[in-house]
Number of protein chains: 2
Amino acid sequence: MEPSERADRPVGINDVAARAGVSAGTVSNVLNRPERVSEATRRRVERAIEELDYVRNSSGRNLRSGRSDSIGLVVLDVTNPFFTEVAQGVEDVAAEDGLAVVLLNSAERSDRQRRSARLLAEQRAAGAVVMPVDGDTADLLWLRKQGVSGVLLDRGDVGPEVACSVSVDNLAGGAAAARHLIGLGHERITFLSGPEGLEQCRTRLQGLREGLAEVGIDPEAAVRVVHTAQLNAESGEKAVEEVLAGGPGRRPTAVFCANDQLALGVLKGLGERGLSAPSDLSVVGYDDVAPASLVHPGLTTVAQPKYELGCAAMRLLLGELHDPDHTHERVRYTPELVVRGSTAVNRR
Amino acid sequence: MEPSERADRPVGINDVAARAGVSAGTVSNVLNRPERVSEATRRRVERAIEELDYVRNSSGRNLRSGRSDSIGLVVLDVTNPFFTEVAQGVEDVAAEDGLAVVLLNSAERSDRQRRSARLLAEQRAAGAVVMPVDGDTADLLWLRKQGVSGVLLDRGDVGPEVACSVSVDNLAGGAAAARHLIGLGHERITFLSGPEGLEQCRTRLQGLREGLAEVGIDPEAAVRVVHTAQLNAESGEKAVEEVLAGGPGRRPTAVFCANDQLALGVLKGLGERGLSAPSDLSVVGYDDVAPASLVHPGLTTVAQPKYELGCAAMRLLLGELHDPDHTHERVRYTPELVVRGSTAVNRR
DNA sequence: AGGCGGTATTGAAACGTGTCAATGGCGGTG
DNA sequence: CACCGCCATTGACACGTTTCAATACCGCCT
């Protein structure tokens, strides 16, 4: 009959109101507090919404409320399965509260982290979960000053007086790896670290050292540190040469990698040289990402509760959003060693 | 001196204007068309912005312009490295134009895909790149009707008269796998598929069959199909039993998996049974995700240009956004077989 | 001096929504 | 019958921007 789809001008709440023969305020009520509006008109409005297929404009809504209803998750590397599993946890919990999650990738670069923070501030995001590059929490603090509640996840540190945080005990993780390797008779261990200065790597290394010291082994003599440019498989592969070296008689019998990606790279590098774990070198990783259980031999690794990390972070954030006078919490998980085939007793 | 940080009310463009002694319009001009404003006042305004650390409110801006400046990327599974690599491509190209990318995860569920579409429509997103669940393009079409330009990526199909699309030739991919396996002397091949009815799997299978038929092998006799519940490693692992079975004398000498995740699962499952590729079974995957080159033996697989897919999709979208009367394009890539260690000549 | 052209700035009007005090209608009670 | 209270609905305003026609300013030419 009539040109039902006037694609010309987008349909707004007013068009719906006109069609239903009510005022705009009533339509808004139908949308946001349906209990306040009588059965009859509610139905009329709903029909009008259907017929015009009206979809509400969040710009208007957010402008009015001063807040958007999505939260930001700033992640260090979308291609690393560790982070995507964390993201799952965050998403699932956020969904319970009807919050949308926008995933921002800082790619380990602080300029991109800054851009992400700016974006979230401009959108007046409801909140943010941030895994900071290099433990640089400045952007998180800035966000909070802008009124965007932010929770710190996994890296970096701020006092519980400034924000909630959830993390995993890297010291314990390093120590667990140490105990495992000692139990297998390894006393020459290389720690394959990421870029220099990464607080996370440093702590895991320290855990390793403390674990050794605990049983009377001198960490200085037993462990050697090799740094890589990035925490990915390629770097691990390239580092194999250097890991295996170390002077005559100084070849390590085990390597503890700061990261599963590195460890997977090492495994590959070994294979390319006709060597393999655990017979030529025991290999321990960190994180327990999905591929760790897929390679052969399986990667022995310090497992982090990835999904739970995400859930916990989002829960803390929700807590802060709902409870106006809320006191910051600090959740701390303890990692757990998963033994697979890449480690074995030292036969040398 | 004065309480410089009145966290009370958020600072808006008007506060900046007041501080700089100009009108709001001028501030807006400084932000958006700096060339129209005189050197002197521009500097004054910029100083005011600094001093108040004003950050602009995108709700207001978007409300006015009727469009937001972020685009949505709807992805089937954030934990699958295939999709995250695609996401990288999309992000990188979007960044060139200053567009933000919000990553939505449909987790292969059509209700979540619908929610994502709704969200993007409500935000009046500048555009969307969609990888549809089950090839269900209804949401994409709905988005377009709502005025959100959408590009179809990798799955599903719509005529080029309704939207741009980028895809990879699955038929050619299947055929490439076929040729490779035939060349190695395999004539009993199992195709390990995903859930029934996935158009993508079907086409790859058909490619396999056509490749066989090409050299005079009867596909009906040579290939057997096994379905799994999901396209992930766990399903692949569980399917090993069924793959290996198939009646006496009917044990396949090779398996072609619809997906690298499945293939990696199969490799693992083989290992658990004391078997291994390629001696007991040649294994071919599809996608060439990062772990495929990390396992030992390396996974022979049909490589898709993941990053390029993302780039291409975003380029098409940008084209559509910039050029008002634009004609839809259809970009099609051809996959390339990557031979690694998981396949070898058939010795039976 | 008056007028002209150009540039820098202003003021007001939108954009689509949510809120809230005010209004209208209606049934019930004194 | 007048009054009250209740509920459903309305109307107007505010949110922070951008835009655009209108204005003010200034120097220059006639």
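Chain identifiers are assigned alphabetically (A, B, ...) following the order of the sequence lines, protein sequences preceding nucleic acid strands; residue numbering begins at 1 within each chain.
- For the pair B:Ser38 and C:dT9, the criterion of a side-chain N or O lying under 4.0 Å from OP1 or OP2 is met.
- When distances are taken from the side chain of A:Leu63 to each of D:dT9, D:dC15, C:dT9, the shortest belongs to D:dC15.
- One interatomic measurement links the two molecules: CZ of B:Arg36 to P of D:dA21, which rounds to 11 Å at whole-angstrom precision.
- For B:Arg33, a side-chain nitrogen or oxygen approaches OP1 or OP2 of D:dT19 to under 4.0 Å.
- Rounded to an integer number of Å, the gap from CZ of A:Arg67 to C1' of C:dG18 is 16 Å.
- Of the N and O atoms on the side chains of B:Arg124 and B:Ser68, not one donor lies less than 3.5 Å from an acceptor on the other residue.
- Taking atom CG on B:Asn57 and atom C1' on C:dT17, their separation rounds to 13 Å, with Å as the unit.
- Protein atom CG of B:Asn62 is 16 Å distant from nucleotide atom C1' of C:dA14, rounded to whole Å.
- Ranked by how close their nearest DNA chain C nucleotide is to the 5' end, B:Gly60 and B:Gly21 are led by B:Gly21.
- Relative to the side chain of B:Asn32, the nucleotides C:dT10, D:dT18, C:dT9 differ in distance, and D:dT18 lies closest.
- Using a 4.0 Å heavy-atom criterion, one finds that A:Gly12 contacts the sugar-phosphate atoms exclusively.
- Regarding contacts with the backbone of C:dT9, a side-chain N or O of B:Thr41 is found under 4.0 angstrom from either OP1 or OP2.
- Note: CG (A:Asn29) to P (C:dT17) measures 14 Å, nearest angstrom.
- You'll find that the side chain of B:Asn14 is closest to D:dT17, out of D:dT10, C:dT17, D:dT17.
- Between the side chains of B:Asp154 and B:Gln200, at least one donor-acceptor pair of N or O atoms lies under 3.5 Å.
- Annotation for A:Tyr333 and A:Leu309: closest pair CD1-CD2, 3.8 Å, computed over non-hydrogen atoms.
- Closest approach to the B:Arg56 side chain among D:dT17, C:dG18, C:dG11 is made by D:dT17 (side chain taken as heavy atoms from C-beta onward).
- Straight-line distance from the CD atom of A:Gln123 to the C1' atom of D:dG16: 15 Å, rounded to whole Å.
- In this structure, A:Leu73 CG and A:Leu153 CG are separated by 7.5 Å, a value rounded to the nearest 0.5 Å.
- Results of the side chain to side chain contact (heavy atoms under 4.5 Å, CB included) test with B:Arg330 over B:Val158, B:Val166, B:Asp157, B:Leu152 single out B:Asp157 as the only residue that passes.
- Distance from the side chain of B:Thr26 is smallest for C:dT9 among the nucleotides C:dG16, C:dT9, D:dT18.
- Spacing between atom CD of A:Glu35 and atom P of D:dA8 amounts to 10 Å, rounded to whole angstrom units.
- Rounded to an integer number of Å, the gap from A:Glu39 CD to D:dC7 C1' is 15 Å.
- For B:Arg64, the listed nucleotide lying nearest its side chain is C:dC15; candidates were C:dC15, D:dT9, D:dC13.
- In the set D:dT10, C:dT10, C:dG18, the nucleotide with an atom closest to the side chain of A:Ile13 is C:dG18.
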